[in-house]
Amino acid sequence: MRATNSSSVTQASSSNLSCRKLNRKRKIPNISQIPILDLTSDEDLRDQQIRQQLISDYLDHGDQTFVCTMCHAQLWTYEALKGNTSGKKTSYSMCCGNGKVELPQLKQAPTNYQNLFRNVDPKGKNFMKNIRRFNSMFSFTSMGGKVDSSINRGNAPYVFRLSGQNYHCMGSLLPIDGSKPKFSQLYIYDTENEITNRQRAFSTQNEGCTSTSHSLDIEIIRFLKDMLDSTNELVKCYRMARDCFDENPHIDLKLRLIGRRQQDGRTYNLPTASEVAALIVGDIGDAIDNRDIIVTTKSGSLQRINELHPAYLGLQYPLLFPYGDDGYRVDIPHRDVDPSTNTKRRFCTMREFFAYRIQDRVNVFSLILNSRRLFQQFLVDAYTMIETERLYYIRNQQKVLRCESYETLKSVQSHDLKKKRLLGLVKAVVYTVEFQKRGLPHAHICLFMHPDYKLPTVEHIDRVISAEIPNKDDDPELYSLVSEFMMHGPCGSDNPKCPCMSENKCSKNFPKPFLENTSVDSNGYPMYRRRNDGSFIEKSGVKLDNRSVVPYHKTLLKRYQAHINVEWCNQAASIKYLFKYINKGPDRATVEVAQNNNGGDNDDAPVDEIKNYYDCRYLSACEASWRIYGFDVHYRYPSVVRLPFHLPGKQNVVYGADDDIEDVLNKQSVSSSMFLSWMSCNEHNEDARKLSYVEFPTKFVWKQEDRCWEPRKKGFSIGRIHTVSPNLGEAYFLRILLNKVKGPKSFPDIRTVNGQVCPTFRDACYALGLLEDDREYIDAIEEASHSGSGYYLRFLFATMLKSNSLSKPCYVWENTCQYLSDGILYNQRIRLKSPGLSLNDDQLKNLTLYEIEKILLQNNSSLKDFVGMPYPDHDSISSSNNRLITEELDFDMNSLQQESHQLLDSLTIEQRSVFDEIMTAVKQKKGEPSKKKTKARKQNALSPTPVNGVITCSH
């Protein structure tokens, strides 16, 4: 979330509004660390002891020095430069969409009410500590999402996190007989005891509640009640209903909350009581809009409030909108837009509305930004509204959209790493931002370095990545940062309840072993230098040495002062893992066990993906603000252009259920697909004919609006053709040709080899020599191994076998088994809970064949059906899955081999001769050596032998 400073907001001068950049001078000579404040602490912020650690390399974003000339929002430098790299614009995209969004300023709250937020009033501390509870006391609606309070255990700052689908509900005007009033009913029912009723309905349930806090509660509730009675139009409407019931308790009264406004939403957001609601006696009648909310006299049920209703926010957050201000409306036009304006999007979106409302503006005190815990709730609620609106559109469009082929119809940090080259010249980068359990943002970044900046040897790794505690005297700043951010644990026996512990072991395999030099293990993963030099850092009473240091980069750690784990990747397996982690999406957190009343299988039942998304989604205030501001969640450079292709007449066409087929067929998008436009471009552009389809995005760019390819003026992109299964026949062979053929102008040109047009794409592949010796299948598996998991590769191989298109399946197996066995060793280590497990090539092949056999059996086939294919040895598999046998065989081959070489080097000449003779006899199975030689060996074995200046006895 973006930090706010109420004092700086109120002290800013309005004379600076004409300037897009405030001329503020930094008074601190050294750049210092930005402190992280707990805005929800019971202590006064002015009394908090904040550690000020001066670090010259720290990246300080400074103050909000930019002011938008259109909406007067204050922004930091990087926010103002988003989409404005030249810095010439005076209005910015993050606040008002470069001036497109125009909303009326919220009316300033009464001064005595603002004092509660500023902590000027003596009651302000208690008010801010319990602001969410006070807001619930006066809220008209209840929230339907599940608030996850389990993460707020401990001493960390408060985090508001919501799970499941969120919505607002409202009850009737009066509670049913025997029930206590809640929410909006408190404005009407038993108002003589209203203050007591509100406190009881939302008590803290704290037995230790003192009389002082109780009296403070009463004072604050009374103050809020009187303030809302005099200012809030929604409250006034409910008080009118109360007066009607006082006059006639048996009246059949309904309250209509009007869903439409007649005034322009760009300049008007304070409706009068008559515009907000209307009281209806008797029948409702016919003049009811579908957006109106009808609240009946008594009802045992709740009704859901539409997110598009103007009073949606005012009903839920009366303390943030004390005047009952209107919230989002679907009919708020963009600036300078009138009914005759011809633009693609004329109205303000919900995301633009909230991005505008949560800005810090010059000379304006914002109740929203200063409401602390309630601000977190508001952010989460706001983004769930945005999300609900988008998913509602998707759900409705699913019923009317169709997709068919044409033939059937006829009959959206990196800056330092990439631009400033802290790690060297970067050729490509991909990252994703995820939000962890406490809702804090966490980035996974994968950099692809220029060949001149790669780390070819382990000696180069030590210059970039460190996994040791720095010397406190040589670099006290770095020592302090490593001790605070880069030490793992304590865990293990010192702290069995550490989150990383799984079955009494550290899931991250800490502490790591001591190593004098950096090396690479058999799987290609680096083992960083961790010398046993006596250095340690004490945490929670436990001394942690170099074995507990998380690898880091010194400059990055000093610059950002955060936990930044830096790793070296040099194997395809480790890079693939990173890509899987980057693209895995959020963790699913809900599992539903449903009963099948029909007693049979229900596999064909439609899957409600939107409901599944709601059920498994957790949303925090950090993630909500991140998405409201439109920050990148996924990023990659260079961009990757997915290149679709199709057989003649097989392009996909999206159309509505009621569209006329003739009109659909005549659409430009049908005849000008990306693939067909590539061939059209080849007809008139000589440079285009020098490129294959997959190479095309490097020199040309696809213009979606014009449905054509144009020469690229700047930038760089990578083309990727859609993957297809060999089972699709001609489409599969067409894809092979598109990686080879350059400059075709038509489908026959793709099939043309040496001037001859081949009848099929398969024949063209044969004519080009692309299908000899099953080479195309080997290439397909090898290509898929760059991005696909081991399971996917094994499934692909099984699909190839089932297609009966392999002339020599065993040949393909022998040339691809190293790819097909990907993940087998890892899965076996997890299954047997043995992180150090090692398997030889025969064991890996056997287990791989076993997994392929399982896939084939699910499809009524077997490896035995294919001539020449080996079959898994089930006895060997049984022993491989036996944990006792595996533990006996679980030894470190590399360390044993290294020890063997050391022992051989220590042998004397005579001992080495005897050793070689024995090993030769063993390998050739020649039996025991002669008695004479045995006697000589015994004498040599029992005689003292000098080794490295020390007399030892070999036996």
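Computed from a predicted model, the values in this text were never measured in an experiment.
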Evaluate the side-chain proximity of [Y] to [X]: yes if any heavy-atom separation is below 4.5 Å, no if none is.
| X | Y | result |
| --- | --- | --- |
| L478 | K554 | yes |
| S789 | D822 | no |
| N565 | P551 | yes |
| L162 | D148 | no |
| F378 | S371 | no |
| L379 | Q377 | no |
| T518 | H460 | no |
| N546 | N532 | no |

Rounded distance [0.5 Å steps], [atom1] in [X] versus [atom2] in [Y]:
| X | Y | atom1 | atom2 | value |
| --- | --- | --- | --- | --- |
| S483 | I537 | OG | CD1 | 4.5 Å |
| S466 | M486 | OG | CE | 9.5 Å |
| L544 | M487 | CG | CE | 4.5 Å |
| F117 | N370 | CZ | CG | 8.0 Å |
| E79 | S93 | CD | OG | 10.0 Å |
| Y552 | F485 | OH | CZ | 13.5 Å |

Residue pair I358, Y629: steps toward the side-chain contact (heavy atoms from CB on, under 4.5 Å) verdict = CA-CA 9 Å; I358 60 177; Y629 283 128; 3.5 Å; yes
Verify side chain to side chain donor-acceptor pair (under 3.5 Å) between T432 and H444, making sure each step is shown before the conclusion.
-> CA-CA 6 Å; T432 190; H444 297 275; over 6 Å; no
For K508, enumerate each residue passing the side chain to side chain contact (heavy atoms under 4.5 Å, CB included) test, keeping only those at least two apart in sequence or located in another chain.
->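 Partners of K508 by the side chain to side chain contact (heavy atoms under 4.5 Å, CB included) criterion, ordered by chain and then number, come out as H488, C500, C506, F510.
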How would you list, by chain and number, every residue that makes a side chain to side chain contact (heavy atoms under 4.5 Å, CB included) with H553, sequence neighbours excluded?
->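 Testing H553 for side chain to side chain contact (heavy atoms under 4.5 Å, CB included), a comparison that skips the adjacent residues, returns L423, V464, T555, L556, V566.
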Can you see which heavy atom on [X] is nearest to which on [Y], and at what distance?
| X | Y | result |
| --- | --- | --- |
| D632 | W626 | O-NE1, 3.0 Å |
| C491 | M501 | CB-SD, 4.0 Å |
| R351 | I386 | CA-CD1, 3.6 Å |
| A80 | Y92 | O-CD2, 3.4 Å |
| I465 | E567 | CD1-C, 3.8 Å |
| L481 | K558 | CD1-CA, 3.7 Å |

Under the side-chain contact (heavy atoms from CB on, under 4.5 Å) criterion, do I564 and L557 qualify, and how do the steps go?
-> CA-CA 7 Å; I564 303 178; L557 183 58; 5.7 Å; no
Quick one: sort the Y158 and F160 rings into parallel, tilted or perpendicular, breaks at 30° and 60°.
->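 Tilted, since the angle between the ring planes falls between 30° and 60°.
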Mind checking salt bridge (Lys or Arg N to Asp or Glu O under 4.0 Å) for [X] and listing every partner two or more places apart, or none if nothing turns up?
| X | value |
| --- | --- |
| E503 | K833 |
| D494 | none |
| D533 | none |

Do the numbers put K427 on top of the ring of F448, so that NZ or CZ is under 6.0 Å from the six-membered ring centre and no more than 45° off the axis?
->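 Judged by the rule, K427 and F448 form no cation-pi pair.
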Does [X] use its side chain to pair, donor to acceptor, with the backbone of [Y] at less than 3.5 Å?
| X | Y | answer |
| --- | --- | --- |
| Q64 | L75 | no |
| N471 | D473 | yes |
| S366 | L369 | yes |

Check the pair L425, D452 against side-chain contact (heavy atoms from CB on, under 4.5 Å), reporting the backbone distance first and the verdict last.
-> CA-CA 8 Å; L425 181 59; D452 295 341; over 6 Å; no
Applying ring pair (Phe, Tyr, Trp, His ring centres under 6.0 Å), name anything that partners Y479, two or more places apart in sequence or on another chain.
->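 Once residues adjacent in sequence are excluded, Y479 has no partner under the ring pair (Phe, Tyr, Trp, His ring centres under 6.0 Å) criterion.
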Testing R530, R547, R531 for side-chain hydrogen bond (donor to acceptor under 3.5 Å, both in side chains) with E468, which one passes?
->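 Testing E468 for a side-chain hydrogen bond (donor to acceptor under 3.5 Å, both in side chains) against R530, R547, R531 leaves exactly one candidate, R531.
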Kindly indicate, with the supporting measurements, whether the criterion side-chain contact (heavy atoms from CB on, under 4.5 Å) is fulfilled by R627 and E387.
-> CA-CA 10 Å; R627 294 182 181 274; E387 204 173 45; 5.9 Å; no
P490 and side chain to side chain contact (heavy atoms under 4.5 Å, CB included): which partner among P511, S540, C498, S548?
->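 Going through the options one by one, the only one that passes is S540.
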Going by atom types alone, do Q376 and R373 pair a side-chain donor with an acceptor below 3.5 Å?
->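 Looking only at side-chain atoms, R373 and Q376 do not form any donor-acceptor pair under 3.5 Å.
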For N504, does the CG atom have more than 12 heavy-atom neighbours from other residues, nucleotides or ligands under 6.0 Å away?
->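 Counting neighbours around CG of N504, 12 or fewer heavy atoms of other residues, nucleotides or ligands fall under 6.0 Å, so no.
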